[in-house]
Protein chains: 4
Amino acid sequence: MSGQHHTQTFDNIPAEKRVRILRAAAFVLGRDGIGGARMGDVAREAGVSHGSIFSYFPTKDDMVRAVVERGMALQAERFAPADSGSRFDEAVLAVFRGAWELASAEPELISLWLSLSLAENARFADAILPLEKDAADRWLALAERGKREGSVAAAADTRAVAYLLDALAAQLMKSRASALERRKLEHFIGAGLGGEAAALIADTILGLLRSRD
Amino acid sequence: MSGQHHTQTFDNIPAEKRVRILRAAAFVLGRDGIGGARMGDVAREAGVSHGSIFSYFPTKDDMVRAVVERGMALQAERFAPADSGSRFDEAVLAVFRGAWELASAEPELISLWLSLSLAENARFADAILPLEKDAADRWLALAERGKREGSVAAAADTRAVAYLLDALAAQLMKSRASALERRKLEHFIGAGLGGEAAALIADTILGLLRSRD
Amino acid sequence: MSGQHHTQTFDNIPAEKRVRILRAAAFVLGRDGIGGARMGDVAREAGVSHGSIFSYFPTKDDMVRAVVERGMALQAERFAPADSGSRFDEAVLAVFRGAWELASAEPELISLWLSLSLAENARFADAILPLEKDAADRWLALAERGKREGSVAAAADTRAVAYLLDALAAQLMKSRASALERRKLEHFIGAGLGGEAAALIADTILGLLRSRD
Amino acid sequence: MSGQHHTQTFDNIPAEKRVRILRAAAFVLGRDGIGGARMGDVAREAGVSHGSIFSYFPTKDDMVRAVVERGMALQAERFAPADSGSRFDEAVLAVFRGAWELASAEPELISLWLSLSLAENARFADAILPLEKDAADRWLALAERGKREGSVAAAADTRAVAYLLDALAAQLMKSRASALERRKLEHFIGAGLGGEAAALIADTILGLLRSRD
DNA sequence: TATGAATGAGATTTCATTCAT
DNA sequence: AATGAATGAAATCTCATTCAT
């Protein structure tokens, strides 16, 4: 399943170097795609030798998995505000903003994450599925909280609401990370909104969700 | 920009063969990704010789563009129900169902379309952008109609509503076309819903959109 | 098992080219060893492009197998004199001479054949075993004929005699094909014997085999 | 030529460790071939660090030479019975048995020794030739003794007889050490003979050698 | 002296594209 | 117009050897 994808050597090197390498890998993988990324580029980007990369990860696929596993930690950070005691509306807004900021800071990571849904990368399903299920569970929990707090209309299907929030957050990140999707967002919303796109979308969906009787 | 991506020769062959080749190309491109697709596989899948492919499309990228352009026609079909005189609710439901059915019939085409948002395929932005803008305009028009008909709460931002509907439709197709996303959908909604997932999502969003004052 | 190791393409090219490639492959494989041989060297030696070699043989191992299969035909030639109606003594002498000449003409093929017995090349056992068994059967048949003709002492174990003849023929080829073994032969027999080494060894073993009662 | 192939450091370590390393090297070299053997495997097999190997032997080739030199001692043991005062027949039988037992105990060493005759390993000729000449001299001496004792037909060429005995002993070891050759031996002699194969071959050749006039 | 991380040259293999037939 | 053999640039991965600790 998810096991160990890096070598003992990778565990032995300084933590700072480990992070540098994983970030470099995510950057190149996201920029060029999994198939298109060249291990030599990762090495150069990380400032290590060509051969060293293979002493850390037996194969390119193993490197991809190691990068994906690091994504788990980032996702936990993204949802952290929702875990604190804040109200539903605040939590959703915070997660949407967090998604937008993550996509701003590491667009290549989002691009990599998007590519993992593609048929061509189906062999990584086992690596990414736990992350997806984790996100789904967080959204489901949030939707239930919204119901209890009265911030989500009683008539709405909880699961569908969770799916809807997940889809929107994903689309927001995509709109930030992909040049094409950014132009599409601008075509919808108008250019120059910057970080406020996330807030506008959040406000709109929160308004719709709110029960008005 | 969008000009001519195939050769004169391609225009000269029977229409049936042209379609067969474009479908084969979409199939292989979607299954293996643009980078991973092999021209030889397209040839074999289409039942033509390896060399012939290059007498139809000067390069692999040209073939991709030709396939994308064919997508324009499919998109028009998908939105056809919305163009007819039906009410907002019926139109949205029909488009969601159409999206689901397209993704069921040609999952590889959806996979290809999804891959075009990735950074690695940014060079095809000019080919896909008209298609995206067209879709956006159709959603914007629909959202406005919803407002006029009173099926969309007056307080909701029209552009945000359109963006939201587009995101949901895209996510639905993704959930159908990608094995990974299908498992994610099942984690949200429960397995075994089949085609009713589209209806459940549509009902929920339509319910939320409806003004109740 | 022995199946097909070359591609359809290899079957399609002219026979003359096919032989040229197989000879070039045997030459390089024998000279540098299976592990040490470089596909590029085979290509250069055969006068074809680097890529072409891989359009004939999917992998290096497949190429090795194709070369080994060609060895079957050469072995049949080597034993041809024994199949004709000649007497036992003449047949053995002819086969020994034939072995010596084959090793003189294609020493690299012998070197390749020797390397196939090594543990490192155990994965080719299925390819070489039929050839070995064929040789064994021919020696067994010859030994039996010797017994019937009275050229082999009645007291001698037929199977052991066959094994002995096979071992000697193999050692003769090795002595001819390997520089090291040639020096060893010279240390035994004295230098400058040239092709007469085969005759001396054959005469000696034939003399020993002959019953003298 | 044969000089010193290991470092001063190698002389300084405990004798037990020295033997352990040389045995590990022989094992890996025989199993994977000289080209295919990895220095890291030798290190792991010997239970020392990767870097240490290079503090004992400047290069891989030096390590091979050191291993070959150790083979000299083993060979002396193998011929020890022939040096004692036993009769010719007993001596030959003992050497054949010794060869069989050595090949049973250290098949990888035999595999390594066999590989040294290959063209690809010609650069080690200077290391192995003394060993080969030593063996040749022992067989020549034995053959002469056989003549004097009347155990070898007077008409037989002494040098050819020595060559023949050497070839048979080598073939026997090969039949024991190589899985492929073992199957070939079984095809000749029948399976299940175990250690008696050496005795059968020895009896047969001794019977043939014996003069009967 | 011992360790094991680092290096980089080099090997197999792939595949878009060309071109003779 | 159609075919499929030929080409060679480029990418992943290996491993002997070095060297800082």
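Just the heavy atoms: all of them, side chains too, but no hydrogens, waters or symmetry mates, feed the values below.
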Practice prompt. For B:A37, answer base if it contacts any base atom (sugar-phosphate contacts may also be present), sugar-phosphate if it contacts only those atoms, and nothing otherwise; contact means non-hydrogen atoms under 4.0 Å.
Written response: sugar-phosphate
Worksheet item: Are the side chains of D:N121 and D:I128 in touch, meaning some heavy atoms are under 4.5 Å apart?
Response: no
Item to complete: By nearest nucleotide on DNA chain E, pick out whichever of A:S49 and B:D61 is the more 5' one.
Response: A:S49
Response to the item:
Span of DNA chain E engaged by chain C, first through last nucleotide within the 4.0 Å heavy-atom cut-off, is E:dA11 to E:dT14
Discussion item. Does atom CZ (A:R23) have a neighbourhood of more than 12 heavy atoms from anything else shown, all under 6.0 Å?
Written reply: no
Worksheet item: Are C:N12 and C:T9 close enough that a side-chain donor and a side-chain acceptor fall under 3.5 Å?
Response: no
Item to complete: Give the nucleotide from the list F:dG4, F:dA2, F:dT12 with an atom nearest to the side chain of B:H50.
Response: F:dG4
Discussion item. Go nucleotide by nucleotide along DNA chain E from the 5' end; which of A:Q8 and C:P58 gets its closest nucleotide reached first?
Written reply: A:Q8
Discussion item. Would you say that A:V42 contacts A:M63 through its side chain, given a criterion of any heavy-atom pair below 4.5 Å between the two side chains?
Written reply: yes
Worksheet item: Given the rule that a pair is Watson-Crick or G-U wobble with both distances under 3.5 Å, how would you write DNA chain F in dot-bracket, using | for pairs to a different strand?
Response: .||||||||||||||||||||
Worksheet item: Toward the 5' end of DNA chain F, which comes first, A:G36 or B:V48, by nearest nucleotide?
Response: B:V48
Discussion item. I need the CD1-C1' distance between A:I53 and F:dT12, as an integer number of Å.
Written reply: 13 Å
Item to complete: Would you please say whether a donor-acceptor pair under 3.5 Å links the side chains of B:S55 and B:S52?
Response: no
Item to complete: May I ask you to test the B:I34-B:F124 pair for a side-chain heavy-atom distance under 4.5 Å?
Response: yes
Worksheet item: In whole angstroms, how far is the P atom of F:dA2 from the CZ atom of B:F10?
Response: 11 Å
Item to complete: Can you tell me the distance, in whole Å, between the CD1 atom of B:I21 and the C1' atom of F:dA2?
Response: 11 Å
Practice prompt. May I have the distance from B:R44 (atom CZ) to F:dT3 (atom P), rounded to whole angstrom?
Written response: 14 Å
Fill in: Nearest-Å distance for atom pair CE/P, residues D:M63 and F:dC15
14 Å
Discussion item. Please evaluate residues D:V67 and D:L112 with respect to the criterion side-chain contact (heavy atoms from CB on, under 4.5 Å), reporting the C-alpha separation (whole Å), side-chain torsions for both, the decisive distance (0.1 Å), and the verdict.
Written reply: CA-CA 10 Å; D:V67 169; D:L112 172 59; 3.6 Å; yes
Worksheet item: Heavy atoms under 4.0 Å, any strand shown: does C:S52 hit a base, just sugar-phosphate, or nothing?
Response: base
Item to complete: Considering only NZ, NE, NH1 and NH2 on the basic side and carboxylate oxygens on the acidic side, decide whether C:E69 and C:R65 come within less than 4.0 Å.
Response: no
Discussion item. Are the side chains of C:H6 and C:Y56 in contact, using a 4.5 Å heavy-atom criterion?
Written reply: no
Worksheet item: If you pin B:Y56 and D:F54 to their nearest nucleotides in DNA chain F, which one's is more 5'?
Response: B:Y56
